[in-house]
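Report on the structure given below.
As a basis for the values below, the full set of heavy atoms in this structure was taken, side chains included, without hydrogen atoms, waters or symmetry mates.
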Amino acid sequence: MPSSPAPRMECSSEAKQPPAASERLSRPSPPLTHEDNRRFLQMLREKKESLGVSGEKVEVRFEELTVEAHGRIGRRALPTLPNCAINAAQATGFGEGSNLTTNYIIKILGLSECADTLVGDEMRRGISGGQKKRATIGEMLVGLARCFFMDDISTGLDSSTTYEIIKFIQQMAHLMDITVVISLLQPPPETLELFDDIILLCEGRIVYHGPRENATDFFEIMGFKCPPRKNVADFLQEVTSEMDQKQYWVSDENKYHYHAIEKFAESIRLFYLPRLVQDNVFVPKNKDRSLDQLNLLPDWLHTFFYQTSPPLYTETDDLQPWLCWAYWTSPFTYAQNAVALNEFLDERWATEFHYKDATTVGQAILQIRGMLTEWYWYWICVSVLFGFTLVFNVLSIFALQYMNSPHKHEVSTNATKKMTECTNKKVGPEKASTAQFVFPLRPLSLVFDHINYFADMPKEMVKYGVTEKRLQLLQDVSGAFRPGVLTALMGITGAGKTTLLDVLAGRKTGGYTKGTIRIAGYPKKQETFSRISGYCEQSDIHSPNLTVYESLQFSAWLRLPSNVESYQRDMFIDEVMELVELTRLKNAMVGLVGATGLSAEQRKRLTIAVELVASPSILFMDEPTTGLDARAAAIVMRTVRRTMDTGRTVVCTIHQPNIGIFESFDEPVVAMERAVLYREKAAGTYCTLAYTIAQVEVELPYMLVQVFIFAAIVYPMIGFQMIVVKFFWFVLYMVLSFMYYTVLGMMTVALTPNIEIASGLSFLIFIFWNFFSGFLIARELIPVWWRWVYWANPAAWTVYGLMFSQLGDRTELILVPGQPDQTVRGFLEGYLGLEDRYFNLITYLHVVIIAIFAFFLFISLKHLNFQRR
């Protein structure tokens, strides 16, 4: 039976520039040619030679390099003070030809049209993913480095852009005498031909190192030949794979046996490396060390310093003798004394009053508090604080320079070894039917008609005279995606592929969309659509503290129907892991990107698996092969193809497909031009209320542990009575205090667009609370028109509760400067205003304020979305 013809696809997402823009926008200059680039680099070289400026040629040599070894290239690898000065000088224009070079690099990379546009991040819409990659490359190229190490610079770029960039880098290497090492995952043939030498790595071993044109000859000597139409890069990666090696064997098939990585590595040492030694190129070098990241001065050190500054908690005379050293080594000691000296030695505290050696009220207060009383100590304290600042900065510089990174760059090596046997087997009809039996799937089509998408005009373009209020990114786009058909959405970088995918999936949080979208003939409703669709984003967003299996469990528990039995769910998770070849990584931690845990390729497969366990009828994939080598990309596309074979509708955007990947698609749609909560909310993973409750509850165990450790140290140090009831009140108020501060922090983050504003707002609130808490200024001394702030201040409630619960029953007489002797309770009531009748109210208010903060946290998360797409 003949298949029905594919629907007519019209797709145009041109980002049109209005004619009223500046000359640069309205009349773009013609693109640069390779000859233009060569002449520019030649001119730059001649200019340097005429000025007598020449950089050293950098030669990279390595011998017996292991994972534990560290390398450092150049003199500006770390952010030391001299390097900062050099960078600042270059940033202000002292670098040679900085403006000329920068503008030329911008033009070469095709960034002229977005040169004044914000880059953006996971929360704010900015330039496209491909433009961000080109900007990263440009940041490196405009510097004065003589040696470039570029890791997978083609990720997110189309084949044409990749070729142009690599061509320019090749010209730089040849004309400027610089050293360039580039890692590429899926280089097309024309890009591969631009390289002089190739280093082929497999399982941490070099299986080929030599001229590019000799690579296939080496493997032909070993008995493996690259077919005529085969991409050489794909051949080089597949010839070392046990799964794919046999197809390239050119001798008698009966004599074939798998050639292990070790055999290739041994052969290259005998075939090529002896020539390097003979040419005096392979010379041992001393190993240097570098550091990626260092966490200095953890929070517990800050807490220790703070608690051993006794004037805030206890008198110096009451401090345990074995803790005196901590008092004098705490920066807070000198800060507190300097502030107190500046205040209490002022003339307004100079009323005559005699107490021990003190002759004024101010001196008496300082002496009673166990603080310094002589003015010269003020300048000593300031000098010591400056010394602390200098010492900490110097220590941080030395730590960055000489210490190892606390995070090891770990990669799960199991994935680089031979794949499990299941990848060799074609998924049979039994497996597909089993999955469909467990989770009944209704195939759904998606039809979109005359889709137009507009974004607010960027402020940068308004500055150039653009008068229109909106910028059109998608123009009259129509088409259809059918069940059981794998559709590719292709186009150059910035063509609008991701924009179209976001619009269709309902992931856009801003802008204006016109047109109709129908699911199985019915108008699309986003609330239900998120339940039957999945979206694999370009960025792989996962919790770093979960294992691969736990990540899939979390997604399956929250997104599969409630009538699915647990054994069916677990069976489906195992099937999905086998499908995307994650079974061997089942118990591996996800980890931090670029630091620990999964590699980029493994994260991409996990992203796909997280969506597949939700059993969506329609699956959108934005660049599923980005960041993967040709073999890994083929594995992913096999996974995608199997997913489509179950009757799902699958749409992928793709940048650089090789022949094998391209043939995996049924219908290419070509576009002409052109963070964890929000992602999971958009996917309908859970409701906001459940997330809010979980966020608050998960903090409780940590707070309880912190409070008990804090109380065990501080409570006896202050000298409070060792009574069970009083200790309970102390712990209770500390827990409540920790809780409202924590929920307040969550609330400010939810209410503000970024962490910087949230931090600033939280800091202002904390300062305001502390100032009106009744600790620095007693309630009775606060002006009447400001006392409402005291009663509305949670920190004041905590101070009230702590002081009255510990001291409210004490009847000992105390000496108060300027007043007759009185009991402790009388002093609390008369001078500080702490009365018994408000004690219960204060306790209840703690619970109320926590509930209020949690409520606003929920409202903010539910109704505010600062992610701009």
Between [X] and [Y], which heavy-atom pair has the shortest distance, and what is it?
X	Y	value
Leu834	Glu829	O-CG, 3.4 Å
Ile757	Thr752	CG2-CG2, 3.7 Å
Ala335	Leu385	CA-CD1, 3.8 Å
Ser551	Val590	OG-CG2, 3.7 Å
Met371	Ala340	CE-CB, 3.5 Å
Ala364	Phe353	CB-CD2, 3.6 Å

Show the numbers, then the answer: is there a side-chain contact (heavy atoms from CB on, under 4.5 Å) between Ile842 and His846?
CA-CA 7 Å; Ile842 290 297; His846 280 80; 3.9 Å; yes
Dump the intermediate steps for side-chain contact (heavy atoms from CB on, under 4.5 Å) on Leu857 and Leu861, then the final yes or no.
CA-CA 6 Å; Leu857 169 63; Leu861 292 175; 3.9 Å; yes
When rounded to the nearest 0.5 angstrom, what is the spacing between [atom1] in [X] and [atom2] in [Y]?
X	Y	atom1	atom2	answer
Leu813	Gln822	CG	CD	9.0 Å
Leu736	Met739	CG	CE	8.0 Å
Leu372	Asn337	CG	CG	4.0 Å
Gln367	Thr360	CD	OG1	10.0 Å
Leu841	Leu845	CG	CG	4.5 Å
Ile814	Phe827	CD1	CZ	5.5 Å

Which residues satisfy the ring-ring contact (aromatic ring centres under 6.0 Å, His included) test with Trp785, sequence neighbours excluded?
none
Treating [X] as the side-chain partner and [Y] as the backbone partner, does any N or O pair qualify as donor plus acceptor under 3.5 Å?
X	Y	value
Glu697	Ala694	no
Ser805	Leu802	yes
Asn793	Val789	no
Ser762	Ser759	no
Thr798	Pro794	yes
Arg603	Leu598	yes
Ser396	Asn393	yes
Gln602	Ser599	yes
Gln806	Lys726	yes
Arg787	Ile782	yes

Using 30° and 60° as the class boundaries, would you call the ring planes of Phe855 and Phe858 parallel, tilted or perpendicular?
tilted
Output, in order, the C-alpha distance, side-chain angles, deciding distance and verdict of side-chain contact (heavy atoms from CB on, under 4.5 Å) for Val725 and Phe728.
CA-CA 5 Å; Val725 174; Phe728 166 78; 5.6 Å; no
Between Glu343 and Arg348, does any NZ, NE, NH1 or NH2 come within less than 4.0 Å of an OD or OE carboxylate oxygen?
yes
[Y] and [X], any side-chain heavy atoms less than 4.5 Å apart:
X	Y	answer
Trp377	Ile380	yes
Gln363	Thr359	yes
Gln721	Arg810	yes
Leu704	Val735	yes
Leu807	Leu828	yes
Glu699	Met746	yes

When the ring centroid of Tyr715 is compared with that of Phe727, is the distance short of 6.0 Å?
yes
Ring pair (Phe, Tyr, Trp, His ring centres under 6.0 Å) contacts in which one or both residues fall within residues 790-811, not counting sequence neighbours:
Trp791-Tyr838, Phe804-Phe839
Could you walk me through whether Thr547 and Glu550 satisfy the side-chain contact (heavy atoms from CB on, under 4.5 Å) test, starting with their C-alpha distance in whole Å, then the side-chain angles of each, then the deciding distance to 0.1 Å, before giving a yes or no?
CA-CA 5 Å; Thr547 64; Glu550 289 169 344; 3.2 Å; yes
Over 12 foreign heavy atoms within 6.0 Å of CD, Glu812:
yes
Which is it for Tyr733 and Thr843 under the side chain to side chain donor-acceptor pair (under 3.5 Å) test, yes or no, and what are the steps along the way?
CA-CA 8 Å; Tyr733 281 113; Thr843 306; 2.6 Å; yes
Could you pull out every donor-acceptor pair under 3.5 Å between side chains of residues 764-777 and any protein atom, sequence neighbours left out?
{"from": "Asn770", "atom 1": "ND2", "to": "Phe766", "atom 2": "O", "distance (Å)": "3.2"}
{"from": "Ser773", "atom 1": "OG", "to": "Asn770", "atom 2": "O", "distance (Å)": "2.9"}
{"from": "Ser773", "atom 1": "OG", "to": "Phe775", "atom 2": "N", "distance (Å)": "3.4"}

